[in-house]
Amino acid sequence: MISRNTVQRQIVLSAVRSLPVHPTAEDIYNFIVKQHPNISKGTVYRNLNLLADQGEVLRVPISDGADRYDFQTERHYHVRCSRCGRVYDVDMPYQRNLLDAVTDTHGFIFTDCEIVFTGICPNCQ
């Protein structure tokens with residue numbers, strides 16, 4: 001028997017895959033509620049967090065905006081348009097040894113990094 005949470009999780013995952021660019025949780029909720037008006041915002045947010053924690057979607061932290069979600073879960077870079085705020089994938093190989101190149105003078109042990117490039121998308125140019 002399929003639990004309700006599994007069905008809701010699949011609805012959320014399907015929405016992430018269906019939406020263009022990299023949607024926010026709000027974008028995903030607005031997309032889903034059109035077809036499933038009884039789903040709550042909390043259910044969508046909770047399932048997004050669960051999917052990200054399980055590695056089924058990638059959470060893309062945006063320093064001055066809402067996190068974005070990506071169905072492509074392999075490590076890769078993103079670019080955010082400084083005008084419209086949309087987030088796109090960057091077509092560039094992921095640099096796995098980047099942390100090894102960082103020089104630290106403060107005693108940190110580097111474990112990870114998130115790099116989001118900034119630019120102006122073709123629609124905003």
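- Side-chain contact check for His36 versus Ile11: some heavy-atom pair is nearer than 4.5 Å.
- Here the side chains of Phe71 and Glu56 are not in contact, with every heavy-atom distance at 4.5 Å or above.
- Summarising the geometry, atom OG1 belonging to Thr6 is positioned 9.0 Å from atom CG belonging to Asn47; distances are rounded to the nearest 0.5 Å.
- Taking CZ of Arg83 as the reference point, atom CZ of Arg86 lies at 14.0 Å (rounded to 0.5 Å).
- Applying the salt bridge (charged side-chain N to carboxylate O under 4.0 Å, His left out) test to every pair with at least one member in residues 90-100, sequence neighbours left out, gives no pairs at all.
- Under a hydrophobic clustering in which Ile, Leu, Val, Met, Phe, Trp and Tyr are joined whenever their side-chain heavy atoms come within less than 4.5 Å, directly or via other members, Leu48 and Ile39 fall into the same cluster.
- The closest donor-acceptor contact from the side chain of Arg68 to the backbone of His22 lies under 3.5 Å.
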List, one per line, each side-chain donor-acceptor pair under 3.5 Å for residues 110-125, sequence neighbours excluded.
from   : atom 1 : to     : atom 2 : distance (Å)
Asp112 : OD1    : Arg75  : NH1    : 3.2
Asp112 : OD1    : Arg75  : NH2    : 3.0
Gln125 : NE2    : Ile120 : O      : 2.9

Report the C-alpha separation of Leu58 and Gln72 in whole Å, then their side-chain angles, then the decisive distance to 0.1 Å, and conclude whether the side-chain contact (heavy atoms from CB on, under 4.5 Å) test is met. CA-CA 7 Å; Leu58 181 67; Gln72 182 182 339; over 6 Å; no

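- In this structure, a donor-acceptor pair under 3.5 Å is absent between the side chains of Arg17 and Ser14.
- Linking Ile, Leu, Val, Met, Phe, Trp and Tyr residues whenever their side-chain heavy atoms come within less than 4.5 Å places Val44 and Leu19 in a single cluster.
- Tracing side-chain contacts under 4.5 Å through hydrophobic residues (I, L, V, M, F, W, Y), one reaches Val21 starting from Val90; they form part of the same cluster.
- Under a hydrophobic-cluster definition in which Ile, Leu, Val, Met, Phe, Trp and Tyr are linked whenever side-chain heavy atoms come within less than 4.5 Å, directly or via other members, Tyr77 and Val60 are assigned to different clusters.
- A distance of 8.0 Å separates OG in Ser18 from CD in Gln35, rounded to the nearest 0.5 Å.
- Under the rule for a side-chain hydrogen bond (donor to acceptor under 3.5 Å, both in side chains), the partners of His76 that lie at least two apart in sequence or sit in another chain are Asp70, His78, Asp89.
- Judged as a side chain to side chain contact (heavy atoms under 4.5 Å, CB included), and not counting sequence neighbours, the contacts of Arg59 are Asn49, Ala52, Asp53, Asp67, Tyr69.
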Mind listing the side-chain donor-acceptor pairs of residues 25-33 below 3.5 Å, one per line with the distance, residues two or more places apart or on another chain?
from  : atom 1 : to    : atom 2 : distance (Å)
Glu26 : OE1    : Lys41 : NZ     : 3.2
Glu26 : OE1    : Tyr45 : OH     : 3.1
Glu26 : OE2    : Lys41 : NZ     : 3.3
Asp27 : OD1    : Thr24 : OG1    : 3.4
Asp27 : OD2    : Thr24 : N      : 3.0
Asp27 : OD2    : Thr24 : OG1    : 3.1
Asn30 : ND2    : Glu26 : O      : 3.2

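- With sequence neighbours excluded, the residues that form a salt bridge (Lys or Arg N to Asp or Glu O under 4.0 Å) with Asp64 are Arg80.
- By the neighbour-count criterion of 12 heavy atoms within 6.0 Å, atom CD of Gln54 is densely surrounded, having more than that number from other residues, nucleotides or ligands.
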